[in-house]
Structures are given as C-alpha cells and as structure tokens.
Amino acid sequence: MGRECPQLGSRALFPDLEGTAYLAHAAISPLSTPVRERIAEVAADYGRGGMVGFARWAPRLSQVRQDLAAIISADPGEVAFVANTTQGVIDIAFGLPWRKGDRVVLFDGEFPANVTPWQQAAEEFGLDLCWLSLDPFQRSVDEGLTELERVLDRGVRIVAVSAVQYKTGLQMPLADMAALCHKYGAEIFVDAIQALGATPVDVSWGIDYLSSGSHKHLMGAEGAGFLYVAERCAAILKPRLAGWLGHKEAAAFLMGDEPLLSYDNPLQLGAPALETGTSNVIGLAALGASIELLAELGVPAIHAHVDAYLDHLEEGLIDRGFRSHRAKAPALRSTLLSVTVPNDVRLSKLGAALRGRGVVCNTPDGLMRFAPHWPNALSEVPEVLAVFDEVLADLRGGA
Ligand SMILES: Cc1ncc(COP(=O)(O)O)c(C=O)c1O
C-alpha cells in the first residue's frame, strides 16, 4: 500500500499539528504520519518477536545508514550512528591524537554542543582554545576568511564550526573554510544539525568530521543521530571511548558453533570504531522514514521553498519595526530567520503570546527565531503577520 506523497506547503502528513504556523523546526520538529507509522512498526515487531524484530530491522538500519550517507555524499562506511550531535563532537574531541599545546579554533556564539566537549578535551590534553568572532563572517565571506586565515597561519589542529549558526541562521562558507584549513594543515569539524534536511551540506567540500542529531530539520525523533568521519581521517583517530561493538567481528562470538569470545580483537578504524553498543533502533527507523520524505522532495527544493517563505515574513516583520539578522547574500542564508524585537516589547511575553495564538517560534539568546520547513505553506505568512498585529496591539495596549 503506497503512502501519500509529501508536498511542499502541505500539512497533510501532519494531521494533528496544532496552530496556524509551526516555525520551530530549529528546535524540535513535529513527527509526520510516515515517521509515526515507522515507529509503530518497529514497536510492533519487537512486541511480537523480540530478537526476531532485531533481525528484521538490522538490514533496514543498513539502509538508513546508506540514506544518511547519501544526503551528505559520503560512503556508508564513513557513517556511525550516535545518540545526538554532542556525542559525535565528544567522539572526535576525545579521539584525536592530541599533542600538548595543539590549537583548536572555536567560534564565539556557537551552540554549546560544539564547545563543551572541546573545552573538556582542552583540559584533559592541554590544548589551546582559540576563539574567533562570527561578526566578520556576518559582514562578508572575505572578511570572515581573512580572520580565519590569520589564526590558521599560527598553526591550528582543528576548526570546529556549525554549518548554520543556531542564533542568527548564518550559513557558514564551509567549502571555503575547509579549503583554507587544509591549506594550513588543519582539519575541520562540522556540527550540521541546523542545516541537514533543509540546507544542503556536502562532505566533498572537504569536511573531515560532521555530526548531527535528527530532531530538527531532518524531522526525526530525539536521541538518534550520526557522525561522519572521512575515510582519509579514519586511521588518525584513537577511539579512546570505544565499546564492545567497536571491535572487528564484534558480534561473531554470539553466533558461531564454537566459542569465539575474545577481548583482543583489534578495534575497527574510523566511524565504525565509534559505535559503542546497541543502537537506538526506534529513533533510527524514524529518521529513515523522514529521510525518505526529504529525498522525495529534494533538499535544494525545500531550501528554495523556505527561503521564499522567509522573504515574505522578513519583509512583514521589518515593516513592523523588527530588525532582521538574516544574511544578505543568498549563499549565507539558511532556513532560519532571527530578528531583534522592537524596544517596547518584551521578547518572552511576545513569544508566549504568539504561541497562545498558534504561531510557534523560539527565542534563543535574546532573539526571536523562525524556522519553517517543507510543510509550511507560503499562504501562512499573511496569517502569521495578522497574529503579530493582534499580539503587538494587545501587548502595547496592556503595557
Ligand atoms: C547548532 C546546534 N548544535 C547542537 C544542538 C543540540 O545538540 P544535541 O543533538 O547533542 O542535543 C543544537 C540545538 O539544540 C544546535 O542548535
């Protein structure tokens, strides 16, 4: 039985989604019917057969691995399942063969998921954290790259950056950054959770490591994600945090006719070494269902659709006295729009009042952030702006 096809601008696959406009995909995505059905299918299989369910889903998870690899143009052998974005950052921050004094470049203003593990590694291995401002990148790619080159020239081991900045929605010029890193003998690590599913990212741009959870623009559930390790980097990593599944032939002793248990099997290299124990089958199956929808629509088409939505919304908000932080250059735009609210309005009160009237968005770190996705129809925008007018009038009238 075929399922309904996803369509840009249609909420048909989200029949229970409440409110006028769901604009919080940069936080947590709602689950579509195919994703919910896939979760129910896994639960039913495990309910019926326990380990028989496992045997049925193992090959399907291989397909998920292939699909994940395909969205970033990687090889499936370069992809490890992890619990969330942070786990992938930890794996690399604690897996590189550090030398005391190695320099790590971080950006001031990044989401902490891509900071804390590097800080921990710096303490553990005596690393030098080098902070760069995002402002030059916000002004222009050239200015940003000039600043980056200035620190790379002093010797850097790795640069850690988000593909899309969670606060402003700035899409980082990853291909240029990767080329510059490699020119100076540095590697680049990418936190891709604010991009994947809505903004194209391709590891052939020269990305060495990439990590992402699935509950934002990939539209899966929380607690399932993946880590990419470029094959060329596989032999460099020291899996200090390896588990039983990191070994070669890890599960052979559970299946053979003869006893085969050994603690000395060598560890695998690269991504496969970092899968520590059993995976989140339900979460990964959900992610698989969502990726099928995204692949059907195509990420470039989704990006263009959301960009058009944000053009209208941004214009309407500027007219109402909001200040936009969206990049001017199309290449630096993502599917996030953040604005500073007018001086006479309290951000938290505005956010709560909008939610109360069915417009769901977030307010990270002092800004109001909108993140539509493929189900949001362009025709929603006038309704959203009408809600803004009502809410602003109420807040100002009540002040
Ligand atoms: C850029 C960025 N990285 C990471 C995360 C979350 O990390 P994790 O998947 O480990 O919860 C978020 C938001 O929650 C984010 O905006």
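Side-chain atoms are counted along with the backbone in the values below, which use heavy atoms only and exclude waters and symmetry mates. Just so it is clear, the model here is predicted, and its values are computed rather than measured. In listed order, ligands and their atoms are each counted from 1.
Looking at R357, R320, R396 one by one, the single match for salt bridge (charged side-chain N to carboxylate O under 4.0 Å, His left out) with D389 turns out to be R320.
Ranking protein heavy atoms by distance to atom 6 (C) of ligand 1, first place goes to F111 CE2, 3.8 Å. For atom 14 (O) of ligand 1, the nearest protein heavy atom (residue, atom name, distance) is K216 NZ, 2.7 Å. At the top of the distance list for atom 3 (N) of ligand 1, counting protein heavy atoms only, stands D191 OD2, 2.6 Å. For atom 16 (O) of ligand 1, the closest heavy atom belonging to the protein is Q194 NE2, 2.9 Å. Among all non-hydrogen protein atoms, the one lying nearest atom 9 (O) of ligand 1 is T85 OG1, 2.7 Å.
Of the possible donor and acceptor atoms, none in the side chain of Q171 sits under 3.5 Å from a partner among the backbone N and O of V164. In this structure, R103 contributes its side chain and G155 its backbone to a donor-acceptor pair below 3.5 Å. The main-chain N or O of E231 is found under 3.5 Å from a side-chain atom of E78 such that the two form a donor-acceptor pair.
Contact between Q165 and ligand 1 is absent, with no heavy atom of the residue lying under 4.0 Å from the ligand.
Salt bridge R56/E41: present, at least one basic N to carboxylate O contact under 4.0 Å.
Heavy-atom contacts of I193 reach the following atoms of ligand 1: 1 (C), 2 (C), 3 (N), 4 (C), 5 (C), 9 (O), 12 (C), 15 (C) (cutoff under 4.0 Å). Of all the atoms in ligand 1, the ones that sit under 4.0 Å from a non-hydrogen atom of T86 are 7 (O), 8 (P), 10 (O). For ligand 1 and Y166, the ligand atoms under 4.0 Å from any heavy atom of the residue are 16 (O). Of all the atoms in ligand 1, the ones that sit under 4.0 Å from a non-hydrogen atom of S162 are 1 (C).
Side-chain atoms of S262 and D264 form no donor-acceptor pair, as typed in the model, at a separation below 3.5 Å. S73 and D202 share a donor-acceptor pair across their side chains, judged by distance under 3.5 Å alone. Between the side chains of E383 and T20, no donor N or O sits under 3.5 Å from an acceptor N or O.
Contact annotation for Q87 and ligand 1: no heavy atom of the residue comes within less than 4.0 Å of the ligand.
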